[in-house]
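Residue numbers count from 1 along this sequence. The figures here come from the full heavy-atom set of this structure, side chains too, leaving out hydrogens, waters and symmetry mates.
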Amino acid sequence: MDLVHPLDGLDARPWSSLSHAYGSAEDIPDLLRALAGADVDAADEALSELYGSILHQGTVYAASAEAVPFLAGIAAAGHRTADVLALLGGMAETDDEHGVASGAVRAAVADRLPLLLPLLASPDPETRRTAAWAVSHTRATAIALPALRARWDEEAEPSACAEILAGIARLDPQAGAAAAAAVLDPSQPAEVRMAAVFASLDADAPWTEPMHTTMLSLLPADPLRSDLDLERGEPLAAVVEALLGRGRYSERTAAFALVDAALHDGRAEVRAEGLWAADRACMLSRSAPRRLVWSLRAAAVDEESVVAMSSLLGRLGSVAAPAADILAPLAGRHPDHDDDHADRALAALVLVAPAQSAPLLAAGLGRRPRALDAAAGFRSTEDSAFPYSGDLLDAVRDRLARPEALSGNEPWQLTNLLAGWGAEAAPALPELCTALPHFPGQAARAIASVAAGCAPVDRAQAVTALRAVAAEPGVLPAAKALHDLDGDIAPLLHCLEQDLRRGTSQLREAARIAGALGPLAAALAPALREALTGTNGDTTPALDTDTALAEALWRVTGDADAVVAVLDSVFSRAEQSPWSRWSVVRAARATVLLGPAGRPLTARLEAALDDPTQAPAAALALMAVGAPASLDRTALGEAALRSAESDADPAGACDALEALGPDALNDDQTRRLAALADGDARVVRSGVEDRIIQQDEALRNRGRALLTACPDPAAP
């Protein structure tokens, strides 16, 4: 391993036949030369390019493994050593691999440990620190652990010492905990004590009062974080997450006690860390919101703190009602002026105490975009609307009366509010009709919703306005609203045929509306078939469009052979891409509609059961297409439960379990369902941040409803 010539043999490697994130790796030799060169700017750029290509967003490739020996040589030769070690450590750390054998990149780094381990004794503390982090990620315990333990006995620089302890804990958690126990003493450097806390947690050591005291003494802990450990970028929040992850009541109580103490601290920076930790706790624990809301309220000592916690309070919804009074003063400030802080507080109040927020939103309408967006998408569900308010209705009418002054999302937001109120918004029909030519899509839907329950004279006014707009080409929403109110199908069929034949961006929506008409849309069958021949791509939009068209064709014509052929093609094309999981879900849900006519797709559906994302929809489809006697209902229930437990498709899992019925579950599965419904850990942990808590609570309620139907629901 030549340290003098670290790039020897570089051009002999088959770079052009290897790939990285951007295709051919033929650029890697020049990047490695620049990295090892004397031009600082060129080396900086090369390092950035290498991160983007061979460790792209945490993914490694075939070219990554091939580059490792040269990178290790560059580091050992003293060229940008700490920076290159960080790159090598990141490549060894990841399990996200593409086009390369599993573990090959990590093995390549481990193979270079004879070059890297001596760097643990470098004169440069930053190099020693980064070397400890990098070598521990090779998972080569037999080689790396003795070197780290030897360095632990000699290291004096606190940040390097902390990273060495973290590396020991990574390779041998029990050894890490033993080393940590000796350095929790207040006389030790704060960085080392912080690493000791994490080492103890990683070994599942009991959380003791001395550890609790140590953690509180380290606050504010943010300056102690390791820039190499991105998952623990907020130390207090990371400790709280680790304690909650143990799933035991005592550790949950300890986690909440840490958050309480931080939120009641007299230092603003500590309260800020307490807020981050409270946010993490509420996203992970179902009991956290009610347990922490009063401490959050106590931490709202000034405007900055109210603004900082407004997003979390909004996500907690009505559970945060005790904090409404700390939001309201700021939320109602300066209604005649743009005020971002007031807008953030009002947006939270909309979700926490909607009735209390309505007059404040009315007063500031047009100047509170966040709050209006929260009210317009209230709870983000189809059956949930912001509470009716006469003051807010008047304010909305005033804004709609000047449609040319509206911009951005405001047309959708205002009309969505009115649509949610239905007939209560009847006084706004004149303004909606005025706005219709300016933004027909949004206004038409609101007109249909509002006028549906109105007096005949109001309905007539709405129909007249819609008919005038629906006569224009390409105004599908207006034609749909006209049909909904008046039953006039001719304009709707005309618009649908245009969109289907032109293959516009409205193709999926046109297919959905056509399918909803059923046999009434028989005249559209040729256009639907023609649209199907124009797709056949393997991108997600193409697959989803084909599924929507196939579903519409089934609803309109009942042509099972044609529809099965299209859906079979969708399943086949989706197999080619890991990004098409949800396209399979949508195709499986379309298959449900076919019933026994979809039986030729059984093999496709059975294959989808192995993927947790696809399993619930596949189970539903198999129940629809299969002969009841042929179904292994317990196996289908198992597939649905695995999907929920892995947070792949929890809502779909509930759909499948509801369809299967309680008698499909065995005792073990019933206990697992009880854990999903009544356990403290949130099941939904991914998705749109603003909706995770709401979706998890909905899942919890559905799980509990399922349990009530079980003959002997078991406790978690």
Side-chain angles (χ1 to χ4, degrees), residues 275 279 282 289-290 292-294 296-297 299-300 302-400 406 408-422 424-425 427-428 446 688-694 697:
L275 175 58
D279 196 314
C282 290
R290 286 182 171 81
L292 298 176
V293 66
W294 289 100
L296 287 166
R297 187 183 185 281
D302 54 26
E303 180 176 321
E304 292 298 326
S305 57
V306 172
V307 172
M309 70 176 63
S310 60
S311 172
L312 174 57
L313 294 176
R315 279 178 274 137
L316 298 185
S318 60
V319 174
D325 63 336
I326 62 106
L327 291 168
L330 181 56
R333 186 180 73 180
H334 303 153
D336 296 331
H337 299 85
D338 293 338
D339 186 332
D340 184 62
H341 282 190
D343 191 19
R344 290 175 184 270
L346 182 54
L349 192 64
V350 162
L351 301 172
V352 170
Q356 186 177 348
S357 72
L360 304 181
L361 180 57
L365 200 65
R367 301 178 183 85
R368 299 292 181 266
R370 294 177 187 273
L372 176 58
D373 193 60
F378 190 74
R379 303 301 180 207
S380 303
T381 58
E382 292 292 330
D383 58 352
S384 180
F386 189 74
Y388 172 79
S389 162
D391 290 342
L392 187 53
L393 174 62
D394 290 341
V396 171
R397 293 181 65 187
D398 182 65
R399 295 291 295 168
L400 285 176
L406 303 180
N409 291 328
E410 198 172 4
W412 172 84
Q413 293 163 338
L414 295 173
T415 55
N416 206 52
L417 270 176
L418 297 177
W421 290 336
E424 288 184 295
V688 179
E689 184 183 57
D690 289 349
R691 301 180 187 177
I692 288 176
I693 292 176
Q694 174 195 346
E697 291 299 328

Quiz item: Hey, does the side chain of R397 reach the backbone of P427 with a donor-acceptor pair shorter than 3.5 angstrom?
Solution: yes
Exercise. Check for a donor-acceptor pair, side chain of N416 on one end and backbone N or O of A376 on the other, with a separation under 3.5 Å.
Key: yes
Are any of the side-chain heavy atoms of [X] and [Y] separated by less than 4.5 Å?
X: I326; Y: L313; result: yes
X: L365; Y: D398; result: no
X: R315; Y: C282; result: no
X: L418; Y: L393; result: yes

Self-check item: Results of ring-ring contact (aromatic ring centres under 6.0 Å, His included) for W412 - residues two or more places apart only
Solution: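 If we apply the ring-ring contact (aromatic ring centres under 6.0 Å, His included) test to W412, skipping adjacent residues, there are no hits.
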If you look at every heavy atom in [X] and [Y], which pair is closest and at what distance?
X: A385; Y: G420; value: CB-O, 3.5 Å
X: L316; Y: I693; value: CD2-CD1, 3.8 Å
X: P411; Y: L406; value: CG-CB, 4.1 Å

Quiz item: What residues form a side-chain hydrogen bond (donor to acceptor under 3.5 Å, both in side chains) with D343, not counting sequence neighbours?
Solution: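 D343 satisfies side-chain hydrogen bond (donor to acceptor under 3.5 Å, both in side chains) with no other residue.
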Quiz prompt | Qualifying residues under side-chain hydrogen bond (donor to acceptor under 3.5 Å, both in side chains), relative to R344, sequence neighbours excluded | solution = D340
Mind listing the side-chain donor-acceptor pairs of residues 345-358 below 3.5 Å, one per line with the distance, residues two or more places apart or on another chain?
from: S357; atom 1: OG; to: P354; atom 2: O; distance (Å): 2.8

Practice problem: With side chain to side chain contact (heavy atoms under 4.5 Å, CB included) as the test, would you mind laying out the steps for L361 and D391 before giving the verdict? | Solution: CA-CA 9 Å; L361 180 57; D391 290 342; over 6 Å; no
Exercise. Please name all residues satisfying salt bridge (charged side-chain N to carboxylate O under 4.0 Å, His left out) with D373, sequence neighbours left out, ordered by chain then number.
Key: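 For D373, no residue satisfies salt bridge (charged side-chain N to carboxylate O under 4.0 Å, His left out) once neighbours in sequence are set aside.
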Self-check item: salt bridge (charged side-chain N to carboxylate O under 4.0 Å, His left out) partners of residues 324-338, not counting sequence neighbours, each pair once
Solution: R297-D325, E303-R333, R333-D339
